Amino acid sequence: MTEPVSASAPDTEPATDHAPADSRDMHAVHAMLRRELAELPEYVVNVGTGDGRQVEVVAEHIDFVARILHVHHDGEEILVWPKLAERVPADAAPVLAAMQADHAGIDRGLTALTDAAASWRANPDAAHREAVVDALRELAPVVDSHLAAEEADALVLIDTYLSAPEWAEVGMHGIAHLQPEQFPLFFGMLLHDLDPELYRVLRATLPPDLFAELSVSGPQEYDRHRRRLATAA
């Protein structure tokens, strides 16, 4: 986590060298994170005591979702908040401070979750399973509250004070932290039950050929993945 940043003087102007950022794709990422965190407790509680094989499937998914959330926030810490701190009016400083404080709290929750999942992998009993459920149920409302605040207060700052190329860097930061073989699953998660308008927004962020491929392979892989997760149900 980077050091907290403070906003600059109120006479700072938005950057005008490029088209402004369009942060609507953030709503798609947030929808994915909310859904995955909401569904995970049921997957966990449905794993039978001692079923090490299914524990591994579900714990691996927990790690994947946690990784996506951490990298998503890491991209903001590196590429968003410092730029906004230099550009937004001083009265927007509390928004940036709140976003960073939320990230710190979420990071602590993610550490507790991934530690609990690792212990469950090593000891696939009922007590360790319940510890994972508890960690998920503590983390999910914290994440949801942060995402709602970001949508209400921070996205307008992004769209006003960041350029489209700068915003694209944030998405590329996330993609760079995935293995190529994880691309279909990630995009399948992202596209699942997505609002049609957000679907069009995401389609515009990728080269047409790549989106055409991932819009087919992604949902197929995610469907297979959800069936694996639900095997014990």
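If you read the sequence from its start, that first residue is 1, and numbering goes on from there. Computed over heavy atoms, backbone and side chain alike; hydrogens, waters and symmetry mates excluded. Remember, predicted model here, so these are calculated numbers, not experimental data.
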Using a 4.5 Å cut-off on heavy atoms from C-beta on, say whether the side chain of Phe186 contacts that of Met32.
-> yes
Check whether Val156 and Met26 end up in the same hydrophobic cluster, where Ile, Leu, Val, Met, Phe, Trp and Tyr are linked by side-chain heavy atoms less than 4.5 Å apart.
-> yes
Straight-line distance of Glu221 CD to Leu214 CG, nearest 0.5 Å | 11.5 Å
Scanning both residues in full, the closest heavy-atom pair of Ile62 with Ala117 reads CG2-CB, 4.2 Å
Scan Leu202, Leu178, Ile175 and name whichever one has a side chain to side chain contact (heavy atoms under 4.5 Å, CB included) with Phe187.
-> Ile175
Just checking, any donor-acceptor pair under 3.5 angstrom between side chains of Asp159 and Trp167?
-> no
Side-chain contact test, heavy atoms from C-beta onward, threshold under 4.5 Å: evaluate it for Arg227 versus Thr231 and give yes or no.
-> no
Do the rings of His61 and His225 sit parallel, tilted or perpendicular, given the 30° and 60° boundaries?
-> tilted
Look up atom CZ in Arg228 and atom OH in Tyr43, then write down how far apart they are to the nearest 0.5 Å.
-> 11.5 Å
Taking everything shown except Gln182 itself, do over 12 heavy atoms lie less than 6.0 Å from its CD?
-> yes
Do the side chains of Leu191 and Ser215 get nearer than 4.5 Å, heavy atoms only?
-> yes
Side chain to side chain, Glu138 and Val142, heavy atoms closer than 4.5 Å | no
CA sep, side-chain torsions, deciding dist, call: His103, His146, ring-ring contact (aromatic ring centres under 6.0 Å, His included) | CA-CA 8 Å; His103 284 189; His146 166 69; 4.9 Å; yes
How many angstroms lie between atom CD1 of Ile158 and atom CD of Glu150, to the nearest 0.5 angstrom?
-> 6.0 Å
Once you round to the nearest 0.5 Å, how far does CD1 of Ile68 lie from CG of Leu190?
-> 9.0 Å
Decide yes or no on salt bridge (charged side-chain N to carboxylate O under 4.0 Å, His left out) for Arg34 and Glu151, but give the supporting numbers first.
-> CA-CA 13 Å; Arg34 287 184 173 110; Glu151 290 163 358; 3.0 Å; yes
Does Thr114 reach the main-chain N or O of Leu110 with its side chain, forming a donor-acceptor pair under 3.5 Å?
-> yes
Answer yes or no: is there a side-chain heavy-atom contact under 4.5 Å between Trp81 and Glu76?
-> yes
Distance-only, no hydrogens or angles: does the Glu166 side chain make a donor-acceptor pair with backbone N or O of Ser163 under 3.5 Å?
-> yes
Whether Arg224 side chain and Pro219 backbone form a donor-acceptor pair below 3.5 Å | no
Quick one: does Arg129's side chain have a donor or acceptor within less than 3.5 Å of a partner on Val47's backbone?
-> yes
Answer yes or no: is there an ion pair linking Arg53 with Glu56, defined by an N-O contact shorter than 4.0 Å?
-> no
Where the side chain of Asn46 meets the backbone of Glu42, is there a donor-acceptor pair that is under 3.5 Å apart?
-> yes
Once you round to the nearest 0.5 Å, how far does CD of Gln179 lie from CZ of Phe64?
-> 10.0 Å
Measure the shortest side-chain to side-chain distance between Val95 and Leu84 over non-hydrogen atoms and say whether it is less than 4.5 angstrom.
-> no
Answer yes or no: is there a side-chain heavy-atom contact under 4.5 Å between Val132 and Leu136?
-> yes
Write down the atom of Leu229, the atom of Gln54, and the distance for their closest heavy-atom approach.
-> O-NE2, 3.1 Å
Is it possible for you to say whether Val216 and Phe211 belong to one hydrophobic cluster, with membership spreading through side-chain heavy-atom contacts below 4.5 Å?
-> no
What one should report as the nearest heavy-atom pair of His173 and Gly75 is CD2-CA, 3.4 Å
Can you name the nearest heavy-atom pair linking Leu37 to Ala140, along with the distance?
-> CB-CB, 4.4 Å
Same cluster or not: are Val71 and Leu79 linked, directly or through other Ile, Leu, Val, Met, Phe, Trp or Tyr residues, by side-chain heavy atoms under 4.5 angstrom apart?
-> no
State plainly whether one hydrophobic cluster holds both Val201 and Val170, where clusters connect Ile, Leu, Val, Met, Phe, Trp and Tyr through side-chain heavy atoms under 4.5 angstrom apart.
-> no
Intermediate values then yes/no, salt bridge (charged side-chain N to carboxylate O under 4.0 Å, His left out), Arg121 and Asp63 = CA-CA 12 Å; Arg121 275 175 152 138; Asp63 287 347; 2.6 Å; yes
Spacing of Glu130 atom CD and Trp120 atom CH2 [to the nearest 0.5 Å] = 10.0 Å
Is there a donor in the side chain of Asp125 and an acceptor in the side chain of Thr49, or the other way round, less than 3.5 Å apart?
-> no
In terms of hydrophobic clusters joined by side-chain contacts under 4.5 Å, are Leu210 and Leu194 together?
-> yes
Using a 4.5 Å cut-off on heavy atoms from C-beta on, say whether the side chain of Asp102 contacts that of Met99.
-> yes
Does a donor on one side chain and an acceptor on the other come within less than 3.5 Å for Arg226 and Tyr222?
-> yes
